[in-house]
Every structure is written in structure tokens, then in C-alpha cells.
Trainee: 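Would you mind keeping the following structure in view while I ask a few things?
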Amino acid sequence: YAYDPRDDMVYLIRSAAFNALTRGKQRLIDRRMLSKAAKDSQHIELRIGQDTVMLWKLPGDEESPQRWATEPNAEAGDERIQEWISAVDRLRVMDYVSQEDAEQDPDGEPKLEARFYGEHEIEPGSWIKLFRSTARGWRARSSLTRHPVFLDRRMAGTLIKTGEEIISPP
């Protein structure tokens with residue numbers, strides 16, 4: 001039922017109209033970490049711990065797959081970088097960190113930090129930071145999320161592992 005105080009009437013409404021409004025906490029969460037896909041960046045600054053590397057999109061035509069390297073003028077792309085960028089684009093928010101969890105387990109130093117830059121240097125870059133969480137694996141902040149979020153452990157682990165391989169090749 002719905003009451004309209006303007007005409008003092010009560011209306012019978014099908015439940016389907018209200019289904020979209022139920023369980024708002026689960027339905028309204030924005031699962032994206034970045035406003036644009038990482039693959040659309042021109043270069044990326046990746047930092048894990050104290051080590052930093054720049055990742056550069058290499059020129060190519062529209063028909064060939066994207067190629068990325070740690071040098072802007074490299075001849076060949078690095079598959080690990082493409083794998084890492086794909087993992088960033090698949091990264092999804094699982095849940096928001098509650099105030100209580102944030103107080104019990106503060107962020108500290110990020111394990112991974114990445115900044116994504118577009119075509120123009122003055123264009124503000126998107127960013128993500130991953131933090132180890134004692135409670136639920138991995139937490140993150142980004143330029144898109146307003147609050148700390150929990151991430152899927154497997155995806156975050158892949159992001160860290162692949163990032164470490166890029167910065168310190170075996």
C-alpha cells in the first residue's frame with residue numbers, strides 16, 4: 001500500500017514496483033574501482049612497497065591488441081603487464097568497510113598503489129591503493145570510492161603477485 005497525503009488516498013501497488021527498493025545496501029553498492037578502464041590509460045605508475053615502475057602503452061593500430069612495456073619506446077610488449085591491467089579492470093568491490101572495522105584495522109601503508117594517466121599530463125589521474133586487512137584479506141581505496149572497501153581476495157592477490165613480477169622480474 002502507498003499513502004498519498006496530497007489527496008488523502010491509499011493505493012494498492014504491485015510488489016514488483018518495490019522490489020528494486022528492497023535490500024538497498026546490497027543493490028546500491030558501486031562495484032567499480034575506477035571511473036575509466038585501466039586499459040584506456042596512456043601510462044601507469046605502479047608502486048609496490050618502496051619500488052616503483054612506469055608502465056607505458058605502446059603505439060599500435062586499432063586491430064592489434066594493446067601492448068604495454070616498462071619502457072616508452074620498447075619494441076615488444078610485456079604479457080605480464082597486460083595481465084595486470086586486465087586484473088585491474090576486473091577488480092570489483094565486495095563490500096564497504098564499516099566504521100568499526102576501519103577503527104580496529106587502520107589502513108597503514110599501502111601494499112600496492114597505482115596511478116593512471118590519460119593523454120594529457122594535466123588530466124587528473126585515477127588511482128587505487130590496496131591495503132592488507134587482518135579481518136578480510138584486502139581492502140582498497142580509489143579515486144572513485146568514497147570509503148574503504150573490501151576486495152575479492154583472489155583478485156587482489158593476483159594483482160599483487162603480478163605487480164611484484166613486473167617490478168622485480170624473476
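Keep in mind that this is a model prediction, so the values were computed, not measured.
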Trainee: For residues A87 and M155, report the shortest heavy-atom separation together with the two atoms involved.
Mentor: O-CE, 3.6 Å
Trainee: If you measure from CD1 on I160 to CH2 on W138, what distance do you get to the nearest 0.5 Å?
Mentor: 4.0 Å
Trainee: Mind checking side chain to side chain donor-acceptor pair (under 3.5 Å) for K111 and listing every partner two or more places apart, or none if nothing turns up?
Mentor: E164
Trainee: So how far is it from M54 CE to R115 CZ, rounded to the nearest 0.5 Å?
Mentor: 11.5 Å
Trainee: Let's go through W127 and L34 carefully: what are the C-alpha distance in whole Å and the side-chain angles of both, what is the deciding distance for side chain to side chain contact (heavy atoms under 4.5 Å, CB included) to 0.1 Å, and is it a yes or a no?
Mentor: CA-CA 7 Å; W127 55 269; L34 297 170; over 6 Å; no
Trainee: For T70, which residues count as a side chain to side chain contact (heavy atoms under 4.5 Å, CB included) partner, sequence neighbours excluded?
Mentor: V53, L55, I81, I166
Trainee: State which residues pass side chain to side chain contact (heavy atoms under 4.5 Å, CB included) with R92; sequence neighbours excluded, sorted by chain then number.
Mentor: R31
Trainee: Please find the pair of heavy atoms, one from V97 and one from R139, that lie closest to each other, and give the distance.
Mentor: CG2-CD, 3.5 Å
Trainee: Can you check whether L159's main-chain N or O pairs, donor with acceptor, with W84's side chain at less than 3.5 Å?
Mentor: yes
Trainee: Would the distance check show the side chain of R80 and the main-chain N or O of E165 forming a donor-acceptor pair, the cut-off being under 3.5 Å?
Mentor: yes
Trainee: In sequence, state the C-alpha distance, the side-chain angles, and the governing distance for D78 and W68, and then conclude on side chain to side chain contact (heavy atoms under 4.5 Å, CB included).
Mentor: CA-CA 6 Å; D78 185 334; W68 289 80; over 6 Å; no
Trainee: Quick one: sort the H147 and Y96 rings into parallel, tilted or perpendicular, breaks at 30° and 60°.
Mentor: perpendicular
Trainee: Between I13 and A2, what is the shortest heavy-atom contact and its length?
Mentor: CD1-CB, 3.4 Å
Trainee: For Q99, check side chain to side chain donor-acceptor pair (under 3.5 Å) against everything at least two apart and list the hits.
Mentor: E103
Trainee: Could you measure the distance from the CD1 atom of I48 to the NZ atom of K161? Nearest 0.5 Å is fine.
Mentor: 12.0 Å
Trainee: With sequence neighbours left out, which residue pairs that include part of residues 44-53 fulfil the salt bridge (charged side-chain N to carboxylate O under 4.0 Å, His left out) condition?
Mentor: R47-E113
Trainee: Residues in side chain to side chain contact (heavy atoms under 4.5 Å, CB included) with A140, at least two apart?
Mentor: M33, L130, V149, L151
Trainee: Taking all atoms of both residues into account, what is the closest heavy-atom pair of A76 and A69, and its distance?
Mentor: O-CB, 3.9 Å
Trainee: On a heavy-atom basis, which atom in T162 and which in E83 lie closest, and how many Å separate them?
Mentor: OG1-OE2, 3.5 Å
Trainee: Kindly compute the distance separating NE2 (H43) from CZ (F116), expressed to the nearest 0.5 Å.
Mentor: 11.5 Å
Trainee: S126 side chain to S143 main-chain N or O, any donor-acceptor pair under 3.5 Å?
Mentor: no
Trainee: Please enumerate all residues that pass side chain to side chain donor-acceptor pair (under 3.5 Å) together with T158, with sequence neighbours excluded.
Mentor: none
Trainee: Got a sec, which residues hit salt bridge (Lys or Arg N to Asp or Glu O under 4.0 Å) with R154, two or more places apart in sequence or on another chain?
Mentor: none
Trainee: Going by side chain to side chain donor-acceptor pair (under 3.5 Å), name the residues that satisfy it together with D7, two or more places apart in sequence or in a different chain.
Mentor: Y11
Trainee: For R153 versus G137, what's the shortest heavy-atom pair and its separation?
Mentor: NH2-N, 3.5 Å
Trainee: Starting at OG of S142, measure out to CG of L91 and round the result to the nearest 0.5 Å.
Mentor: 9.0 Å
Trainee: Just jot down the side chain to side chain contact (heavy atoms under 4.5 Å, CB included) partners of D89, sequence neighbours excluded, or say none.
Mentor: A37, A38, K39, I85
Trainee: For L12 and Y1, what are the C-alpha separation, side-chain angles and deciding distance, and is it a side chain to side chain contact (heavy atoms under 4.5 Å, CB included)?
Mentor: CA-CA 5 Å; L12 177 62; Y1 297 97; 3.9 Å; yes
Trainee: Quick check: do F131 and L112 have side-chain heavy atoms less than 4.5 Å from each other?
Mentor: no
Trainee: Measure the spacing between CD1 of I167 and CD of Q50 and express it to the nearest 0.5 Å.
Mentor: 11.0 Å
